[in-house]
Structure formats: structure tokens, C-alpha cells
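Okay, structure first, notes after.
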2 protein chains.
Amino acid sequence: MKIDHLISQIKQKNSFLCIGLDTDLDKIPKHLLKEEDPIFSFNKAIIDATHQFCVAYKPNIAFYEAYGLNGWKSLERTMKYLNAEYPEVFTIADAKRGDIGNTSTRYAKAFFETLNFDSITIAPYMGRDSVEPFLEFENKHTILLALTSNQGAFDFQTKNVGEHELYKEVLEVSKTYKNSENLMYVVGATKASYLKQIRHIIPENFLLVPGVGAQGGSLQDVCAYGMTKDVGLLVNSSRGIIYASQGEDFAMAANNKARGLQQVMEIELRKRN
Amino acid sequence: MKIDHLISQIKQKNSFLCIGLDTDLDKIPKHLLKEEDPIFSFNKAIIDATHQFCVAYKPNIAFYEAYGLNGWKSLERTMKYLNAEYPEVFTIADAKRGDIGNTSTRYAKAFFETLNFDSITIAPYMGRDSVEPFLEFENKHTILLALTSNQGAFDFQTKNVGEHELYKEVLEVSKTYKNSENLMYVVGATKASYLKQIRHIIPENFLLVPGVGAQGGSLQDVCAYGMTKDVGLLVNSSRGIIYASQGEDFAMAANNKARGLQQVMEIELRKRN
């Protein structure tokens with residue numbers, strides 16, 4: 001997907017909500033377990049009930065891999081359904097991959113071609129030749145981990161490398177990568193106070209922001225410090241939406257939660273336009 | 001697998017060779033493409049022809065994911081075959097995963113339980129709570145990226161964090177993780193000169209060493225600076241062995257290459273015992 005299509009979808013829906021599909025057989029409504037493919041049935045119902053309020057879906061690949069072959073099948077079906085029914089929606093493979101040259105190219109093919117995702121999350125530790133193979137794909141986007149929402153972010157990401165923290169070094173160095181215009185970055189909502197400095201380094205790139213809701217990040221702070229003229233934000237919520245109810249009304253409950261977040265986002269968008 | 005079993009296997013076979021199964025339909029012998037599952041057929045033939053000279057196999061997960069469902073099936077069949085026929089051999093999922101808490105637990109289940117790998121490679125960028133979920137699994141091993149063999153390693157890994165390089169900070173900090181006795185580390189053979197200092201920080205842990213052969217690392221240097229009293233090394237070769245021939249004699253050619261590396265390893269082991 002071209003970045004312009006994502007931006008126009010955001011403006012049309014007045015939303016920059018991304019919904020995380022962390023689909024877990026232990027958490028989905030019990031009545032779905034009788035279905036032939038409970039994971040896909042759950043995802044389909046969630047997607048049908050929420051697509052009008054969000055601009056992106058983010059399957060968390062670990063949840064599918066944990067079920068082996070069956071999980072992989074459910075992921076393929078989910079992506080085929082999204083591509084066929086809601087091609088306007090941006091898709092993110094939350095895979096956090098990262099490997100050298102020809103191996104990265106394989107991962108890129110797996111997610112960009114075989115599964116037809118618009119984007120993938122990537123870890124930066126291995127450097128340039130682990131990231132550039134992803135950046136070569138036209139109209140595909142590589143979302144580099146910068147400053148994550150978890151406690152472990154303080155182990156390495158915020159430590160000083162020379163004059164600034166490692167995550168800033170990741171931002172600075174990655175700007176020099178070939179096709180860096182295809183980069184987006186993960187910045188946790190729990191680190192909203194860092195966003196001002198981050199926007200000095202990358203004033204335009206889209207940020208994928210997890211950690212609003214369950215992890216305690218503030219949507220208002222994220223907008224105050226992170227929003228650009230083209231919005232430049234995709235704020236993710238997973239469990240807060242998809243597990244809003246574990247009863248038969250789960251899709252309606254997800255619809256309500258997604259609408260609620262969209263409405264807050266609309267207010268934030270109107271404040272700034 | 002208990003680490004003692006790995007060590008006794010190394011001593012019995014006089015080998016610390018790991019063979020990387022980077023199986024690529026564009027590179028395997030053409031006559032195998034007629035088979036029902038060419039990737040598995042290739043892996044089976046390579047394993048049958050080389051197992052007496054190596055102590056570990058390392059499927060590179062990207063290569064399987066690139067083929068979608070079929071690739072995942074071939075990986076499952078390969079692991080079932082290894083576990084049934086050669087249970088003494090150590091298995092490494094070269095997956096380079098890394099995510100927060102409950103997602104890491106999912107990846108751990110996918111590789112340690114669903115696929116029954118003995119170990120997995122993990123990226124350290126997200127810190128403690130992205131690594132500890134893997135370390136909880138008894139007799140399973142987590143191989144943390146420390147200093148990789150690629151050029152991109154110089155982007156971040158070798159930059160100074162405080163008084164020493166980032167990869168040394170990764171080694172030091174990871175030693176404080178819960179169940180850190182289950183840690184191994186990736187150190188590229190192209191960085192053999194760094195091994196002496198690495199052994200000051202982690203004198204005992206096993207190292208997975210890629211980059212001998214195609215990438216130009218020296219096996220002798222790796223042994224000189226990295227070997228411990230329990231050997232403490234798994235030296236990987238992938239393409240140099242599995243693609244030694246692309247003709248019908250590919251398994252015999254792989255056997256010859258693996259035997260050649262085992263013989264050099266035996267010399268290195270005798271020098272030090």
C-alpha cells in the first residue's frame with residue numbers, strides 16, 4: 001500500500017486505530033471452539049465488527065506460530081479475507097524478525113509476497129544488511145523497533161551510545177539506509193514523553209504505538225508529542241478490543257470498544273486541524 | 001536436551017559441527033523437485049548422510065516460512081524425523097525472535113513444544129522481559145545474539161555503551177536474567193579476535209559460531225580464543241555443506257564436506273586435551 005492511501009483512509013475514517021489480532025484459543029469465546037477453524041472464525045467476526053473504526057490490523061505472528069500448521073493456516077485465511085474484503089485496510093505482520101541478507105530476503109518474501117502484508121515489524125540489532133532487504137520492496141513498509149513499551153526497553157534501548165541513547169542511534173543510523181523512506185518505527189505509548197525528541201530526529205515517519213490501554217500509555221500524550229501534519233501515528237490496541245467480552249456478544253463488545261477509541265481519536269484529530 | 005548430553009555427544013563424535021538447513025528450492029538438486037515434499041526429501045538425505053559428523057542441525061526458519069504452509073509442513077516433518085531417528089542430535093531453531101512477555105511465551109511454545117526444538121536464537125534488543133520467558137523452559141536453551149558475523153554488526157553492536165561495546169553490555173546484563181544458565185550466545189567467526197574478551201565475561205556458556213567458510217571466518221582462531229574445557233562451541237556451516245553439489249551426488253558431497261570439517265575439529269580438540 002502506498003503511504004498516501006493509508007493517510008487518506010485515516011482522514012476518511014477519522015481514526016488512526018490499529019487492532020492487534022493476538023488470537024488465543026484460551027481467551028476466545030468458548031462457543032467458537034466448535035468451529036472448524038476457531039481462530040479464523042474469531043478474526044473474521046472481529047474484523048467485520050470493527051473495520052469501520054480502524055485503519056490497520058496487526059496479527060501477532062507468535063500467536064499463530066504457537067499452533068503450528070493449523071495456526072499458519074488460520075493466518076493465511078485471515079490475510080486472504082482481509083485482502084479480499086477490506087483491501088483499503090493496512091496490514092502489519094507483528095513478527096519482529098531480523099537476520100542477515102539472504103535470510104532477510106526470505107522473511108520479506110514470506111510476509112510481503114506469500115502472505116501479502118503491507119508491513120512487518122523488524123528488530124534493529126543486526127544493523128543495515130538485516131534491514132535493507134525489507135526496504136527494497138515497493139509500497140511495503142518496514143517498522144523498526146526503536147523504543148518499545150516494555151520494562152526491558154531500559155536494558156539496552158535507553159542506554160547512552162556516545163552522546164545519546166541507543167534508540168536515538170537506531171533512528172539516526174536507519175535514516176541512512178537505502179530506501180529509508182519505507183521505514184516506520186515502533187515507539188511505545190508508555191514512552192510518550194520521549195516522543196518530542198523522537199520527532200526531532202524523524203519528523204515525518206509513521207510511528208506504530210503499542211501500549212495504550214492495558215499497558216497504561218496515554219493516547220492524548222501520544223498525540224500531543226507524536227502527531228504530524230499527516231497524522232503519522234498508528235495507535236494499537238489488542239486485548240482491550242478483541243477480548244472486551246468473552247461471551248457470544250464478543251463482536252458487538254469489540255465494536256463498542258473500537259468505536260470508543262475512534263471517537264477519542266476523532267477529537268484529537270479535530271484539535272489539530 | 002541437557003547440556004551434559006550435548007557435551008558427551010561432542011566428545012564421542014570428536015565434533016562440534018552444526019549444520020545449517022537453509023533449504024532453498026532454487027538451490028537443491030533439480031531431480032528432487034519431482035518429489036511430493038522436496039524440502040523434506042532434501043533435508044532427510046542431508047541428515048542421513050551427515051549425522052555421524054555433526055552434533056547439531058539448525059533449520060533457518062526464514063527459508064521455511066517463505067514457502068508458507070508447505071514450508072511449515074516441511075519443517076514439522078524435518079523435526080519429527082530428527083527427533084525420531086537421531087534424538088541425540090541437538091536442534092536449533094534459527095528464528096531470531098524476540099517480543100514481550102506473553103508473546104515470547106507463545107514463541108517459546110511454538111519452537112520448544114509444538115516443534116520440539118532444543119534451542120532457539122533470540123534478539124536481545126527488547127531486554128529482560130523478552131528473554132526470560134524462553135529461559136523458563138527446562139532443558140531448553142536460548143541463544144542470544146551477541147556479536148553477529150555480518151557487516152551490520154558494526155551499526156550498533158560494537159558501539160560503546162558506557163565503558164564497553166553494546167554486545168558486551170548484552171553479555172553482562174543477560175547474565176543477571178533469571179535462569180541465565182540456559183543461555184548460549186551467537187558470536188560470528190568473522191569476529192574471532194573478540195572472543196578472548198568475550199570469554200572473560202562468559203567463561204563457560206556455549207557459543208553458536210556462524211561465519212566459518214563462506215563468510216571467511218577461521219576455525220582455528222575460533223578454537224584458539226573461544227574453546228572451553230567442555231568445548232563450549234558449536235561451529236555452524238550451512239551452504240558449504242548442503243550445497244557442496246547440486247547433482248544427484250549431493251548427499252555424498254555433503255558427507256565429504258562434513259567429514260572434512262569434523263576432521264579439522266578433531267585436530268583442534270586433540271590439541272587442547
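Throughout, a chain's letter reflects where its sequence line sits, starting with A, and its residues are numbered from 1. As the structure is a prediction and not an experimental result, all values here were calculated from the model. Just the heavy atoms: all of them, side chains too, but no hydrogens, waters or symmetry mates, feed the values below.
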Winner by heavy-atom pair count (cut-off under 4.5 Å) against chain A, out of [options]:
options                               : result
B:Asp94, B:Leu147, B:Asp129           : B:Asp129
B:Pro124, B:Ala95, B:Ser104, B:Ser130 : B:Pro124
B:Ile61, B:Asp22, B:Asp99, B:Thr148   : B:Asp99

Just list the side-chain donor-acceptor pairs under 3.5 Å for residues 178-189 of chain A, sequence neighbours left out, or say none.
unit_1: A:Ser180; atom_1: OG; unit_2: A:Lys175; atom_2: O; d: 3.1
unit_1: A:Asn182; atom_1: ND2; unit_2: A:Leu135; atom_2: O; d: 2.9
unit_1: A:Tyr185; atom_1: OH; unit_2: A:Ser174; atom_2: OG; d: 2.7

Chain A heavy atoms under 4.5 Å from [X]: which part of the residue, side chain, backbone, both or neither?
X        : value
B:Val170 : both
B:Tyr177 : side chain
B:Thr103 : both

Checklist entry - Does NZ in B:Lys140 sit with more than 12 non-hydrogen atoms of other residues, nucleotides or ligands closer than 6.0 Å? => result yes
Item to check | With sequence neighbours excluded, residues passing ring-ring contact (aromatic ring centres under 6.0 Å, His included) with B:Phe117 | outcome: none
Next on the checklist: For B:Lys109, is there an ion pair with A:Glu65 - N to carboxylate O distance below 4.0 angstrom?
Outcome noted: no
Checklist entry - Charged N to carboxylate O below 4.0 Å: is that the case for A:Arg106 and B:Asp24? => result yes
Checklist outcome for this item: In terms of heavy-atom pairs under 4.5 Å with chain B, the winner among A:Glu132, A:Met126, A:Arg128 is A:Met126
Next on the checklist: For residues 149-165 of chain B, give me every residue with a non-hydrogen atom less than 4.5 Å from any non-hydrogen atom of chain A.
Outcome noted: B:Asn150, B:Gln151, B:Gly152, B:Ala153, B:Asp155, B:Phe156, B:Gln157, B:Lys159, B:Asn160, B:Val161, B:Gly162
Next on the checklist: Which residues in residues 72-82 of chain B have any heavy atom closer than 4.5 Å to a heavy atom of chain A?
Outcome noted: B:Trp72, B:Lys73, B:Glu76
Any side-chain heavy-atom pair of [X] and [Y] under 4.5 Å:
X        : Y        : value
B:Lys96  : A:Ile100 : no
A:Arg239 : B:Asn102 : yes
A:Tyr125 : B:Tyr167 : yes

Item to check | Side chain A:Thr114, main chain B:Ala66, donor-acceptor under 3.5 Å | outcome: yes
